Amino acid sequence: MIECSPKALAGGSDCIAIDTETYYDSECSIKELGLHQYVRHPSFEVLLISAATDTEVICERPDRFPWDLLSGRKIIAHNAAFDRAVLRTIPEAPVTSVYDWMDTAGMCAYHQHPRSLKEAAAVVLGMSLTKDVRDHMKGKTLGHLASRELLDVIEYCKRDALAALKLFQALKSTTPDDELYLMSLAIDQGDFGVQIDRKRLIQGLNTLDAACLNAARQIPWFGKSKPNSTKAIKEHFEGLDVVAPSSTAKNAPQCLEWIRNHPEHAGIIQDLQKYRTLSGLQKDLNKMKGRLRSDGVLPFELKYFGSEITGRFAGSGGVNMLNHRKDSAEGVNVRHLIIPREGYQLAVVDLANIEVRTGAYLIGDEPLLDMIRDGVDVYEAHARATMGYSDRRPLREADPEKRNLAKTRVLGLSFGQGPKKLSQNMDIGLGEAQNIVKSFRRTSPLIVNRWKKLEQGLFSATVGSNRTYSNKLPSNRVLRYFDVARAPGERGRPEIKASMTRGTGARRVPFHGGKLYENECQAMARDIFIHGLLAVSRADIRVLFTVHDELVAEVPTTKAEEYLREIVRLMTLAPEWAISLPLSAEGQICNYYQK
């Protein structure tokens, strides 16, 4: 019997924090299965549930937990997606709307605090938590525990619930309501899932099984070592008296250079790359198959504010909805497996060139913005403003090569890309790349001045005790860089490093003006996109998932085109804080997911 107070928590608060403890082992593991399959595993069991308010903390087994405590309250959890999924497996637990849950992990991420409860509690609350008890519970139920161990688990569970409550109280006033809604929307999208063409999925796996085997047989060390074995690659080329490439990745500069120098051995590397492509796609399809529900729906997980500073979503849980492969292999395309439910079609809408537009807005490039407002292609507008293009004809028709160069300048050189990287990306000589970079920087003073201003701000944070650089966006969101300090960089050259998350263990990376400008362009683009996404969602249009600046919705077939027009309209309504920003969106109706 659990020695813990069963009495109801005191009322008077509209919020209650909970934490759940569940069984796990090597096979029944969220890491191996993903959230939705984990809670359906035969060995899954809910062991304890704790709840905390301002006045009391309790911990009980599910069959003794006073479920009426949750009625009419907002539910706080540090991983709301997880704890909500756990509660849905308990028949006695009340049915709650996902929008009644508050996710403190997301709130921490929004403020650039650590996402894990242990680290967040330390940074935000000065509260010390340990995960040793959880680690000790692997493969154990409550029946496996001695009395002292059971009390430790109870105390651990209670402290986690209390920490979630205190985090919520500390961060609620500075977390915008729209961001709280977005956290719940991310969970809602994952729970609703996407319909998968099961027949095509099985056919694709059969095709890939055969193709992977055929591709592996082309690799000289087949049958002796794994195709991807680094050791086997090295030993094979040593046998040919050739130094193996330092990288065999398809687009790696080192690999491309090695192939140019050893064309007689290019076939081996290409066979290896083909095998990797096929086996990677095969792995993706097997993960999808393993996570399908009986109705053919694939639930998934999204990490709100997964990108540390820009704030964009990130994939999670083994199936990354934000990074499905674009190209087909052996006629198999993973995107084409995503289909609408019966009576619906997919509306795929993409914000056009949003980072280019936010970049021009941030530096106040009104001549460029005016051309964009007049309907000029953004890369043509750049060419007219900085590359001397004056032909009346659209650049796309008159000089496609110049447009490609303009696109490279905008998407790469705008963010500080140097000659060496440019020469590799364009496969041109270093001298030519140096001339292109010099020309761009000479003709783009607003961008170069922005780099300098941002870098000066970052540099100023290296002095003093705070060592935090803050950059406020038009949306009022603040990008923060912590523990800013000068440090030796490559070849001994000094550079400025900072971390994008608070805490002593946070990853520190080098920054320069171009990178800071890229961060603010992408962050503002995210905020613009989220403004449109929320407008679409609140118009009762079912958004299935998003991919960076693209939205995929499920709309009734009978009114598909009408819905598409409305989505485009909502996505291109500029927010009040950037009302003069010209926005454009493109979309299509389709019967399977495609770009």
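All values below come from the heavy atoms of this structure, side chains included, with hydrogens, waters and symmetry mates left out. All values reported here derive from a predicted model rather than from experimental measurement. Residues: numbered from 1 along the sequence shown.
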Pair Phe529 and Phe313, ring centroids less than 6.0 Å apart:
no

Aromatic ring centroids of Tyr99 and Tyr181 under 6.0 Å?
yes

State whether the side chain of Arg477 and the backbone N or O of Tyr110 hold a donor-acceptor pair below 3.5 Å, judged by distance alone.
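Side chain of Arg477 to backbone of Tyr110: no pair is present.
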
For Glu27, does the CD atom sit with more than 12 other heavy atoms under 6.0 Å from it, leaving out its own atoms?
no

Report the residues that fulfil side chain to side chain contact (heavy atoms under 4.5 Å, CB included) with Gln417, sequence neighbours left out, ordered by chain and then residue number.
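Result, side chain to side chain contact (heavy atoms under 4.5 Å, CB included) vs Gln417: Leu413, Lys421, Leu422, Asn425.
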
Judged by modelled atom types alone, do [X] and [Y] share a side-chain donor-acceptor pair under 3.5 Å?
{"X": "Gln112", "Y": "Thr501", "value": "no"}
{"X": "Tyr156", "Y": "Thr130", "value": "no"}
{"X": "Ser184", "Y": "Trp101", "value": "no"}

Can you tell me how the ring of Tyr592 sits relative to the ring of His336, calling it parallel under 30°, perpendicular over 60° and tilted otherwise?
tilted

Relative to Phe82, does Arg88 satisfy both conditions: NZ or CZ under 6.0 angstrom from the six-membered ring centre, and within 45 degrees of the ring's axis?
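Ring-cation test returns no.
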
Are Arg542 and Phe192 in a cation-pi contact, defined as NZ or CZ under 6.0 Å from the six-membered ring centre and within 45° of the axis?
yes

With rounding to the nearest 0.5 Å, note down the distance linking OG in Ser50 to CD1 in Ile18.
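Rounded to the nearest 0.5 Å, the OG-CD1 separation comes to 8.0 Å.
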
Taking [X] first and then [Y], would you say they form a salt bridge - that is, a charged N and a carboxylate O separated by under 4.0 Å?
{"X": "Asp25", "Y": "Lys138", "value": "no"}
{"X": "Asp188", "Y": "Arg84", "value": "no"}
{"X": "Glu179", "Y": "Arg526", "value": "yes"}

Please list, chain by chain and in numerical order, all residues satisfying ring pair (Phe, Tyr, Trp, His ring centres under 6.0 Å) with His41, sequence neighbours excluded.
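In terms of ring pair (Phe, Tyr, Trp, His ring centres under 6.0 Å), with neighbours along the sequence ignored, His41 is linked to no residue.
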
